[in-house]
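Note that the structure is a prediction, hence the values are computed from the model and not measured.
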Amino acid sequence: MESTSVQQLSEINNLELLAKQVVEGFITGMHKSPFHGFSVEFAEHRLYNSGESTQHIDWKLYAKTKKLFVKRFEEETNLRCHLIIDNSASMHFPVIKNQTLNNLSKIGFSVVASASLMEILKRQRDAVGLSIYSDKNDYYAPSKGSDRHRRMLLAQLDELLNNSSKKTTDTYKVLHEISEKIHKRSLIFLFTDMFQINTQENELLDALRHLKYNKHEVVLFHTYDGKLELEFDFDNSPKKFVDVESGEEINLYATSVKKHYKKTEENYFNDLKLKCMQYKIDYVPVDIHKGFNQVLISYLISRRRFL
């Protein structure tokens, strides 16, 4: 269960607190779900592997869960994770003056989700890096595990909440550049709405494939506003729709195009999913109105497969 408190996301301490609230609520919910075994791993345990020594099995935990877990030691956790966030103009939709946990733009959702992933990575003693891009690579930090490094990344995330963007997206170009910088095998999470001006879809997919270079695992969090961008849920008064990246405008009644629009969007989502499956990229569509559990569960599944 995620927190429902209304909190401003204006200061780094609040962002860190929100991330802790999201993770704690997620772990509590996991104890009551089919993913219970995963939630135990947030503590200092991992699943017992058949054939290894039974010396470090936690028998008290076995009595509670009826599953074998081994106490985890610091040297056992060596995962590297790299977060990539699209900071183009379209990611700042919808425009929200004071963002709260329950009222976020796409960039706000991506920031809180990333901070929550960083909170989990801290508990797992894993290293984390961060890239932020728009029409260029705006920020890059390699994966490290220190608390000072994590706070530096939180500061960068906090800036995204307080600064709008009028930049277009050059995702395909920037992803190639980021791919060249991540040398050691990593678990890579990309938050983007996949809006790209004047670029063929195959170029964007080639850039995603490049991210898998050096045996990286890649998870694409396709970030969208389900109500407005997928369902096209606008009233039937005449409206001017403006492309936030190209500036192009069109006047229309929403209901006159809604059916065709939804079909086009659904086809695009399905096609993107199939292409990602073809390239062995985990495709996870995330509606910013449906909370962070899907992001955090995807991390747990990916981490278990990665190690």
Shortest non-hydrogen pair, Leu101 vs Val22, comes out as CD1-CG2, 4.1 Å

### Message
Salt bridge check, Lys263 against Glu266: does any charged N sit closer than 4.0 Å to a carboxylate O?
### Response
no

Review point. Is there a side-chain contact (heavy atoms from CB on, under 4.5 Å) between Ile288 and Leu104 once you walk through the steps?
Key: CA-CA 7 Å; Ile288 62 175; Leu104 295 166; 5.6 Å; no

| field | Greater than 12 external heavy atoms within 6.0 Å of Tyr139's OH | value | yes

Polar side-chain atom of Tyr261 near backbone of Glu229 as donor-acceptor pair, under 3.5 Å
yes

**Asked** Under 4.5 Å between any side-chain heavy atoms of Tyr279 and Leu205, yes or no?
**Response** yes

*Is the shortest distance from a Lys or Arg side-chain nitrogen in Lys280 or Glu217 to a carboxylate oxygen in the other one below 4.0 Å?*
no

query: Is any side-chain heavy atom of Ser131 closer than 4.5 Å to a side-chain heavy atom of Leu83?
result: no

Are Phe109 and Phe292 close enough, and set up right, to give a ring pair (Phe, Tyr, Trp, His ring centres under 6.0 Å), and what steps lead you there? CA-CA 8 Å; Phe109 178 92; Phe292 305 97; 4.8 Å; yes

query = With distance as the sole criterion, is a donor-acceptor pair present between the side chains of His92 and Asn87 under 3.5 Å?
reply = yes

Asn49 and Glu52 have their tightest heavy-atom pair at N-OE2, 2.7 Å

Notebook entry, point to check: Tyr62 ring centre to Lys67 NZ or CZ under 6.0 Å, with the angle to the axis within 45°?
Noted result: no

> Is there a donor in the side chain of Thr192 and an acceptor in the side chain of His222, or the other way round, less than 3.5 Å apart?
Replying inline: no

key: Student check: side-chain heavy atoms of Phe189 and Asp282 closer than 4.5 Å   = no

Exercise. Do other residues, nucleotides or ligands put more than 12 heavy atoms under 6.0 Å from Lys273 NZ?
Worked result: no

Presence of salt bridge, Arg303 and Asp126, under 4.0 angstrom: yes

- Side chain proximity check, Leu230 to Lys262, heavy atoms < 4.5 angstrom: no

Mind checking whether Glu119 and Lys122 have side chains closer than 4.5 Å, heavy atoms only? yes

Note to self: When you measure from the side chain of Tyr140 to the backbone of Lys181, do you find a donor-acceptor pair of N or O atoms at a distance under 3.5 Å?
What the structure shows: yes

TODO: Kindly check if the number of other-residue, nucleotide or ligand heavy atoms within 6.0 Å of CD (Gln278) is above 12?
DONE: yes

Shortest non-hydrogen pair, His210 vs His176, comes out as ND1-ND1, 2.7 Å

Between Leu15 and Asp158, the two heavy atoms sitting closest are CD2-N, 3.9 Å

Assess the side chains of Ser90 and Asp193: does a donor N or O sit below 3.5 Å from an acceptor N or O?
yes

- Item | Any donor-acceptor N/O pair, His149 side chain to Pro142 backbone, under 3.5 Å | yes

Next on the checklist: Are the side chains of Gln294 and Val284 in contact, using a 4.5 Å heavy-atom criterion?
Outcome noted: yes

Is there a donor-acceptor pair under 3.5 Å between the side chain of Glu231 and the backbone N or O of Leu228? no

**Prompt:** Are any of the side-chain nitrogens in Arg123 or Glu24 under 4.0 Å away from the carboxylate oxygens of its partner?
**Reply:** yes

Can you check whether Asp86's main-chain N or O pairs, donor with acceptor, with Ser88's side chain at less than 3.5 Å?
no

* Pairing of Lys173 and Glu177 as salt bridge, 4.0 angstrom limit -> no

- prompt: Under 3.5 Å, side chain of Gln99 to main-chain N/O of Ser105, donor-acceptor pair present?
  reply: yes

Arg185 (side chain) donor-acceptor with Lys215 (main chain) under 3.5 angstrom: yes

Heavy-atom closest pair (Val174 atom, Ser134 atom, distance to 0.1 Å) is CG2-O, 4.1 Å

On a heavy-atom basis, the closest approach of Leu154 and Ala115 is CD2-CB, 4.0 Å

Does any N or O in the side chain of Ser143 come within less than 3.5 Å of the main-chain N or O of Arg80, such that one atom is a donor and the other an acceptor? no

Are Met91 and Ile96 connected into the same hydrophobic cluster when the rule is that any two of I, L, V, M, F, W, Y join if their side-chain heavy atoms are below 4.5 Å apart? no

*asked:* For the backbone of Ala127 and the side chain of Lys144, can you confirm whether one donor and one acceptor N or O come within less than 3.5 Å of each other?
replied: no

Heavy-atom side-chain proximity of Leu187 to His82 below 4.5 angstrom: no

(Q) If we ignore hydrogens and angles and just use 3.5 Å, is the side chain of His260 paired with the main-chain N or O of Val257 as donor and acceptor? (A) no

Check: Leu300 and Phe26 side chains under 4.5 Å, non-hydrogen atoms: yes

message: I'd like to know whether Tyr224 forms a ring pair (Phe, Tyr, Trp, His ring centres under 6.0 Å) with Phe269, so could you lay out the CA-CA distance, the side-chain angles of the two residues, the decisive distance to 0.1 Å, and finally the verdict.
response: CA-CA 11 Å; Tyr224 65 98; Phe269 274 56; 5.0 Å; yes

